Q: 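Pasting a structure below so you can have a look.
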Amino acid sequence: MDGKFLKPYDPASTEDKIYSLWEKSGFFDPDQCVKVGVTAPDAETFCMLMPPTNANGSLHAGHGLVMTIEDIITRYQRMRGKRTLWLPGLDHAGFETQVVYEKKLEKEGRTRFEIPPADLYKEILDFTLTNSANIKSQVRKMGASCDWSREKFTLDPAIVRTVYNTFAKLSADGLLYRGKRIVSWCPKHQTSFSDLEIKDEERTEKFYYLKYGPFTIGTSRPETKFGDKYVVMHPADKRYAQYKDGQKIDLEWINGPITATVIKDEAIDMEFGTGVMTITPWHDPVDFDIAERHGLDKEQIIDEKGKLLPIAGEFAGQHISKVRALIVEKLRVKGLVEKIDENYKHVVRTCYKCGTTIEPQVKSQWFVKMKPLAEKALEKIKNKEVVYIPEHYEKITEHWLGNIMDWNISRQIVWGIPIPAKICEKCGEGYVDLDNKITKCAKCGGEVRKDNDTFDTWFSSSQWPFASLGFPDSPDFKNYYSTDVMETAGEIIFFWVSRMIMLGLYVTGEVPFATVYLHGLVLDGKGQKMSKSKGNVINPLDLTAKFGTDAFRMGLVVGNTPGTSLALSEDKITAYKKFVNKLWNISRFVFTETENTAFVEDFDSWTADDRKLEEELSRLLTDVTTDMENFRFYMAGEKLYHYAWHRFADVILEESKKTLKEGTEDEKNSKKQLLLLILAKLLKALHPFIPFVTEEIWSCMLIPGKRLLIVEKWPGK
RNA sequence: GCACCCUUAGCUCAGUUGGCUAGAGCGUACGCUUCACACGCGUAAGGCCAUAGGUUCGAACCCUAUAGGGUGCACCA
């Protein structure tokens with residue numbers, strides 16, 4: 001027996017050694033497995049893509065969970081003999097990364113608005129590359145057995161080309177348009193967003209009743225009302241029956257006399273306020289729709305930075321957040337304030353990143369028509385071509401797909417994939433232009449310039465399943481698409497999962513994956529969300545250093561059901577550290593008692609008792625295999641834990657002591673083979689969960705013709 | 001407002017298609033250095049499975065209602 005078993009298991013001196021053993025073996029690469037004969041060339045394939053990691057920081061506990069679950073799946077499938085590919089990748093993560101970088105700039109006293117775009121891009125690229133090296137070493141530390149030789153980055157030229165082709169295809173199929181539409185605009189970040197990037201926040205604010213000629217209008221935002229020249233009411237509202245659609249009324253308003261026009265529209269809720277409102281089409285989606293329906297003028301009141309334009313008269317140039325009180329005071333002096341409701345509760349749309357109030361703006365942006373894509377996806381989901389774990393995510397997805405809005409895919413940031421298009425200077429029309437050929441606007445003949453915007457990062461990551469496998473003609477795409485499992489965070493089910501299904505289906509005609517496994521959040525030990533400001537962020541590397549990667553992995557997976565969040569406490573990880581050590585000591589006992597005894601694969605001289613124990617283990621492993629097949633890793637892990645400690649160690653091992661001391665030769669032989677057999681099978685079954693310690697113990701077993709444990713056969717049926 | 005989820009031991013959570021005495025980890029109490037392991041061993045305490053009805057031979061599990069907690073979506077100025 002190796003002398004190291006006389007001391008407790010030491011992860012620090014083991015893990016790096018074992019990982020490089022795996023890497024050198026080439027077994028992460030399915031082609032290599034076939035080449036050296038551990039996998040049959042015609043074996044069934046299994047493919048899972050690692051959600052491309054945001055290359056803007058370092059790994060957090062959530063990544064630890066992703067790497068653990070996905071590695072468990074991968075190792076299990078590989079041991080089952082499948083040609084198993086787990087493809088790693090990195091995401092440039094457009095806006096997310098730019099925000100992180102802007103914070104860094106802020107600390108240095110700089111802002112992105114003073115850096116030439118090309119220079120900024122270069123800076124962020126350097127930043128990303130530095131981070132990604134860091135991230136990759138952390139992923140290795142978690143024990144991830146992904147195929148590094150196939151690693152992809154969302155900015156790889158081949159990926160970008162695929163994204164461009166999809167953009168052009170959408171255009172050719174009439175699913176892409178550039179429109180002057182109202183978009184959600186963050187004045188701080190100075191970019192537009194899709195509807196998913198908006199966070200609703202309930203606020204209690206004042207609600208103002210203002211005199212508008214013969215009417216009283218209600219508003220929570222008097223500072224936007226300078227240009228309001230349309231007054232809208234419901235056509236069926238009897239209170240205002242005397243006013244006709246299109247009727248002009250002269251009245252006194254904030255900065256002097258104006259002529260207002262009466263509009264009748266059914267969008268008005270007669271119950272709300274006074275049943276009359278004025279509209280600000282440039283800065284409100286509902287107002288915009290009304291203006292579109294009636295062909296009304298739209299005027300910009302607030303600029304992109306949130307400051308009032310000249311139309312605001314004396315208030316021009318001031319930031320809207322500062323002038324509300326001043327404007328209300330002016331209105332009050334003019335006698336236009338009727339009353340103020342102090343406790344008006346409503347929902348304000350804010351930037352999910354910085355919490356700044358969204359100021360809608362009318363802008364020309366690229367939109368994808370989502371309905372046709374969503375309908376096809378919905379059909380596949382209902383047919384169970386994509387299966388959700390946990391199940392209820394299917395309903396949530398169907399609800400979202402059934403009510404989908406068009407997707408604004410352009411962002412006014414430099415960090416991202418540039419949109420390959422030309423924009424007409426004169427009329428604003430846009431043209432998809434992959435080959436940089438267009439020089440004149442086909443509509444008005446005006447000069448065109450390059451589109452300076454970039455794609456929403458989700459537009460590229462939604463194409464990840466086929467793009468990363470080399471669509472359309474690489475062998476990997478043919479072998480591995482459509483993939484088997486998509487394992488990711490429940491949080492990004494709309495952002496990413498649903499869009500992957502839609503775009504995958506649209507571009508390749510096939511759903512991109514058969515099963516979606518969604519995990520929940522990793523919370524701190526008290527069940528609170530981790531955040532830098534609370535100071536409760538758990539760094540995975542600290543935990544692997546303190547307890548060992550195997551213990552950390554067990555702590556992340558046992559008791560963690562899909563879709564629900566997990567409270568991760570050090571106590572729990574400590575428990576699994578002890579378990580890993582227990583396994584170490586079990587091995588020490590077995591090795592001591594079976595010194596110089598080789599494991600016999602097809603041993604047939606069992607005692608009746610040992611035969612029963614062997615069958616008991618087989619039953620357990622069958623059970624565990626069922627759990628693995630059904631993604632119940634939390635159960636499989638717990639069952640193996642329980643068996644190893646409370647059955648094998650506490651009972652089987654204890655009882656064996658007597659036999660090994662007092663039994664006949666046959667009984668001793670049978671018992672030794674049993675101990676070796678159980679240990680071997682247990683190591684195999686536990687390997688996906690705790691790969692390092694099992695591989696290390698395995699290396700000390702006396703088994704003729706054994707390979708690395710990572711490619712041994714899974715012991716259950 | 002609509003949808004979805006949750007409520008089980010002091011804490012964090014399992015409990016698969018309804019079926020033995022409802023489980024685990026941590027924690028707690030008491031006792032053990034027993035020749036694999038004190039990162040250990042043994043023993044014990046601790047639960048009206050949110051509440052009220054219903055279905056059933058049988059319910060933590062299925063149905064209905066209620067209460068509390070959470071999440072997502074949609075919004076009216």
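Keep in mind that this is a model prediction, so the values were computed, not measured.
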Q: Can you tell me how far C1' in B:A14 sits from the matching atom in B:G54, rounded to whole Å?
A: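 Looking at atom C1' only, B:A14 and B:G54 are 28 Å apart.
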Q: For atom P, what is the distance between B:C62 and B:G19, given to the nearest Å?
A: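 Rounded to whole Å, the distance is 11 Å.
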Q: With P as the reference atom in both, quote the distance from B:C13 to B:U7 in angstrom, rounded to an integer.
A: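 So the two P atoms sit 10 Å from each other.
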Q: Which nucleotide in the set B:A36, B:A14, B:A77 lies at the smallest distance from any side-chain heavy atom of A:Ser220?
A: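 My answer, after comparing the listed nucleotides, is B:A77.
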Q: Identify whether any heavy atom of A:Thr574 sits under 4.0 Å from a base atom; if not, whether one sits that close to sugar-phosphate; answer base, sugar-phosphate or nothing.
A: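 Counting heavy atoms under 4.0 Å across all strands, no contact is made by A:Thr574.
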Q: Among B:U16, B:C4, B:G25, which nucleotide has an atom closest to any side-chain atom of A:Met635?
A: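 From the listed options, B:U16 comes nearest.
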Q: What about A:Glu398, does its side chain sit under 3.5 Å from the base of B:A3 through a donor-acceptor pair?
A: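 Not at all, since no donor on one side and acceptor on the other fall under 3.5 Å apart.
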Q: Considering only NZ, NE, NH1 and NH2 on the basic side and carboxylate oxygens on the acidic side, decide whether A:Lys199 and A:Glu201 come within less than 4.0 Å.
A: no
Q: What does A:Phe494 touch in the nucleic acid at a heavy-atom separation under 4.0 angstrom: a base, only the sugar-phosphate, or nothing?
A: sugar-phosphate
Q: In whole Å, I'd like the distance from the OH atom of A:Tyr393 to the P atom of B:U71.
A: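 Computing the A:Tyr393:OH to B:U71:P distance gives 13 Å.
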Q: What is the distance, rounded to the nearest whole Å, between atom CG of A:Asp650 and atom P of B:C37?
A: 15 Å
Q: Taking only Lys NZ, Arg NE, NH1 and NH2, and the carboxylate oxygens of Asp or Glu, determine whether A:Glu655 and A:Lys658 approach each other closer than 4.0 Å.
A: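 The answer is no: the pair does not qualify as a salt bridge.
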Q: Mind checking A:Ser569 for me? I need base, sugar-phosphate or nothing, with any heavy atom below 4.0 Å counting as a touch.
A: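 The residue A:Ser569 makes no contact with any strand.
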Q: Quick one, which residues of residues 639-649 of chain A touch RNA chain B with a heavy atom under 4.0 Å?
A: A:Lys639, A:Tyr641, A:Trp645, A:His646, A:Ala649
Q: Separation of A:Asp571 atom CG from B:U28 atom C1', in whole Å?
A: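 It works out to 13 Å between those atoms.
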Q: Would you please confirm or rule out a distance under 4.0 Å between OP1 or OP2 of B:U71 and any side-chain N or O of A:Lys199?
A: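 Result: no.
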Q: A:Tyr641 vs A:His646 aromatic rings, parallel, tilted or perpendicular, using cut-offs 30° and 60°?
A: perpendicular
Q: Could you tell me the separation between the CZ atom of A:Phe633 and the OH atom of A:Tyr517, rounded to the nearest 0.5 Å?
A: 6.0 Å
Q: Which part of the nucleic acid, if any, lies within contact of A:Lys345, taking any heavy atom under 4.0 Å across all strands shown: a base, the sugar-phosphate backbone alone, or nothing?
A: nothing
Q: How is A:Gly218 classified with respect to the nucleic acid when contacts are heavy atoms under 4.0 Å: base, sugar-phosphate, or nothing?
A: base
Q: So A:Met554, base contact, sugar-phosphate only, or nothing? Heavy-atom distance under 4.0 Å.
A: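 Result for A:Met554 = nothing.
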Q: With rounding to the closest Å, how many angstrom separate the P atoms on B:A74 and B:G18?
A: 36 Å
Q: I'd like to know if the side chain of A:Asn581 reaches the main chain of A:Lys577, judged simply by a donor and an acceptor atom lying under 3.5 Å from each other, with no hydrogens or angles considered.
A: no
Q: Taking any heavy-atom pair under 4.0 Å as a contact, classify A:Lys661: base, sugar-phosphate, or nothing.
A: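 Touches nothing.
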Q: Any side-chain N or O of A:Thr561 less than 4.0 Å from the OP1 or OP2 oxygen of B:A14?
A: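 Yes, because at least one side-chain N or O of A:Thr561 sits under 4.0 Å from OP1 or OP2 of B:A14.
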Q: Any donor-acceptor pair under 3.5 Å linking the side chain of A:Glu15 with the backbone of A:Thr549?
A: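 Confirmed, A:Glu15 side chain pairs with A:Thr549 backbone.
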Q: Angle between ring planes, A:Tyr209 versus A:Phe207, binned at 30° and 60°: parallel, tilted or perpendicular?
A: perpendicular
Q: Compare the minimum distances between each of B:G15, B:A77, B:A36 and the side chain of A:Tyr634, then state the nucleotide with the smallest one.
A: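 Given the options B:G15, B:A77, B:A36, the side chain of A:Tyr634 is closest to B:G15.
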Q: For salt bridge (Lys or Arg N to Asp or Glu O under 4.0 Å), just list the numbers for A:Arg221 and A:Glu359, CA-CA rounded to whole Å, side-chain angles, deciding distance to a tenth of an Å, and then say yes or no.
A: CA-CA 11 Å; A:Arg221 305 201 59 196; A:Glu359 297 296 345; 3.0 Å; yes
Q: Would the base of B:C37 count as contacting A:Lys582 through its side chain, where contact means a donor and an acceptor less than 3.5 Å apart?
A: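 Per atom types, the contact qualifies.
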Q: Looking only at the side chain of A:Arg632 (C-beta and beyond, no hydrogens), which of the listed nucleotides B:A74, B:U16, B:C37 gets closest?
A: B:U16
Q: How far does CH2 of A:Trp253 sit from NZ of A:Lys229, to the nearest 0.5 angstrom?
A: 14.5 Å
Q: When only distance counts, do a donor and an acceptor, one from the side chain of A:Lys395 and one from the base of B:C4, lie under 3.5 Å apart?
A: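 Result: no qualifying N/O pair found.
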Q: How close or far is atom C1' of B:C6 from atom CG of A:Leu521, stated in whole angstroms?
A: 15 Å
Q: Base, sugar-phosphate alone, or nothing: which one does A:Leu568 contact when heavy atoms must sit under 4.0 Å apart?
A: nothing
Q: Heavy atoms only, 4.0 Å cut-off, all strands: where does A:Leu653 land among base, sugar-phosphate and nothing?
A: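 If one applies the 4.0 Å heavy-atom cut-off, A:Leu653 turns out to touch a base.
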Q: In whole Å, measure the gap between the P atoms of B:C49 and B:C2 for me.
A: 31 Å
Q: Let's see if you can work this out: which of B:A24, B:A77, B:U16 has an atom nearest to the side-chain heavy atoms of A:Phe207?
A: B:A77
Q: To the nearest Å, how far apart are A:Glu570 CD and B:C39 P?
A: 17 Å
Q: Just call it for A:Tyr344: base, sugar-phosphate, or nothing, with non-hydrogen atoms closer than 4.0 Å on any strand.
A: sugar-phosphate
Q: Between B:A77, B:A36, B:C73, which nucleotide has the shortest distance from any of its atoms to the side chain of A:His399?
A: B:C73
Q: Could you measure between the two C1' atoms, the one in B:C39 and the one in B:C48, and give it in whole Å?
A: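 It comes out at 39 Å once rounded to the nearest Å.
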Q: Using atom C1' of each nucleotide, how far apart are B:C57 and B:A65 to the nearest Å?
A: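 The same atom, C1', in both gives a distance of 26 Å.
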Q: Considering only atom C1', compute the distance from B:A22 to B:U64 and round it to an integer number of Å.
A: 25 Å
Q: Let me know the distance between CG of A:Leu518 and C1' of B:U71, rounded to the nearest Å.
A: 14 Å
Q: Expressed in angstrom and rounded to an integer, what is the separation of A:Tyr240 atom OH from B:A77 atom P?
A: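 Computing the A:Tyr240:OH to B:A77:P distance gives 17 Å.
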Q: Using only atom types and a distance under 3.5 Å, with no angle test, would you say the side chain of A:Asn408 pairs donor to acceptor with the backbone of A:Ser194?
A: no
Q: How would you label the contact of A:Thr592 with the nucleic acid (heavy atoms, under 4.0 Å): base, sugar-phosphate, or nothing?
A: nothing
Q: Anything below 3.5 Å on both distances counts as a pair; with that, list the stems of at least three consecutive Watson-Crick or G-U pairs involving RNA chain B.
A: B:1-7 with B:67-73, B:10-13 with B:23-26, B:28-32 with B:40-44, B:50-54 with B:62-66
Q: Side chain of A:Asn630, backbone of A:Arg632: donor and acceptor closer than 3.5 Å?
A: no
Q: Apply side-chain hydrogen bond (donor to acceptor under 3.5 Å, both in side chains) to A:Thr14 and A:Glu696, showing your working.
A: CA-CA 7 Å; A:Thr14 309; A:Glu696 175 72 358; 4.6 Å; no
Q: Please determine whether the number of non-hydrogen atoms from other residues, nucleotides or ligands lying under 6.0 Å from atom NZ of A:Lys206 exceeds 12.
A: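 Not buried by this count: 12 neighbours or fewer within 6.0 Å.
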Q: Taking CG from A:Asp200 and C1' from B:C2, how many angstroms apart are they, rounded to a whole number?
A: 14 Å
